[in-house]
Amino acid sequence: MMNRRQFVSAATAAGVCLPRALAATNVKCDLLIKGGRVVDPSRKLDVMRDLAIADGRIVSIAANMSATAAETIDASGKLVVPGLIDIHTHATRTKDGPSLCLADGVIGLIDAGSQGADHIDDAIAVAKSAPQLCRVLINIGRAGIIPEGDTMDINRADVAAAREAIGRNRDMIAGVKARLSRDVAGPNDFEVLKRAQEVASSFHLPVMIHMGQTISPLPKLLALLKSGDVVTHMFAPPPNSIIDDDGHILPEVMAARRRGVKFDLGNGRTGHLRWDMADRVLKAGFLPDTFSTDWTPEARTSQVINFPNVMSKFLMLGMPLDQVIACATVNPSRIFPVFHNRGTLKVGAPADVAVLELREGSFEFEDNFKNNRTGRQRLFPSATVLGGKRASLAH
Ligand SMILES: [Zn+2]
């Protein structure tokens, strides 16, 4: 037999609606998010609930909560989801990048290789001043992203320089980025990835590769990836995409997923996302592990716009809402240890919450190849709560 407290916590964990007598009453809190549809894939929850927050943490989730709150957010007609985590951005390129992302509901950010060893301090300074959790991946090319190609000159893939930079910034560098397409690494792609892995494994860090349009075949590159590594731009069209002409996901891609390699969207604006590729990959049943924007300040006005807009594209492509939310919350929270206690709305978790609006209508979405498609739903940022405080209004 369970005692009353065990029953209440078991029932709450199962998302069961409690009888009124057992429901939380007279909760005192700093912030109450009232009347929203709570979608939290970490707990398989999709129900109307109020959310009470005190001392920066979620203290109660219940229907029709009677609470005394210093501040209330009216979330009626809106979605209340764990704060979004975007693992591929270039948010540190500009000082206000992280704040702009915060207004979109993003409470966790990875800058994916904007800078290499030579200028990593610049990226780290912005990451440290970010309002939300922000970490960087160091570009294995020591000069970072450069027009002539980060590692077209193989000497720029400098293992010693990258190791020295990580050694000085263990708390801020969350992994190593290797951009491998032909205009970035040219014929050096395999050697560049080997060096990135050499650096990462000495610190037990993941590598993120930018795939697509490589000179080396994808299976040769995937063979170098270990559990916890991330492949971004997973919908990149040929040459060297993840799917063959007959609509089969490459066996080496399936094997990589089985051993723990993660596959990420990386929306971006050039060469990464094409609708027909996304159709074929999703039809083959190979869903993304994570969504990410490849955010830059310029992308705010074209294609990317903001993280909720990027998520909306996959509603249009037929993914169910809870899976779309999972790819932006609980799934990315598991990739980098810094986010391990985020991506969830469970009681006791840090109160990082995104309030989104799911509008019905007619919405245009553009891939990276100037193809437009019309969707019937779009997610819009409405409010962000960070560390229990209302961070911003949508811009
Ligand atoms: Zn990028």
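Residue indices begin at 1 and follow the sequence shown. Just follow the structure's listing: the first ligand is 1, and inside any ligand the first atom is 1.
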Pair [X] + [Y]: basic N to acidic O under 4.0 Å:
X	Y	result
Arg168	Asp121	yes
Asp279	Arg373	yes
Asp55	Arg57	no

**Prompt:** Short check: any N/O/S atom of His210 below 2.8 Å from the Zn ion (ligand 1)?
**Reply:** no

**Prompt:** If the Zn ion (ligand 1) is the vertex, what is the angle to NE2 of His88 and NE2 of His90, rounded to 10 degrees?
**Reply:** 110°

**Complete:** Answer key: the N, O or S atom of Asp294 nearest to the Zn ion (ligand 1) is OD1

**Request:** Evaluate the ring planes of His233 and His210, with Trp represented by its six-membered ring, and classify them as parallel (under 30°), tilted (30 to 60°) or perpendicular (over 60°).
**Result:** perpendicular

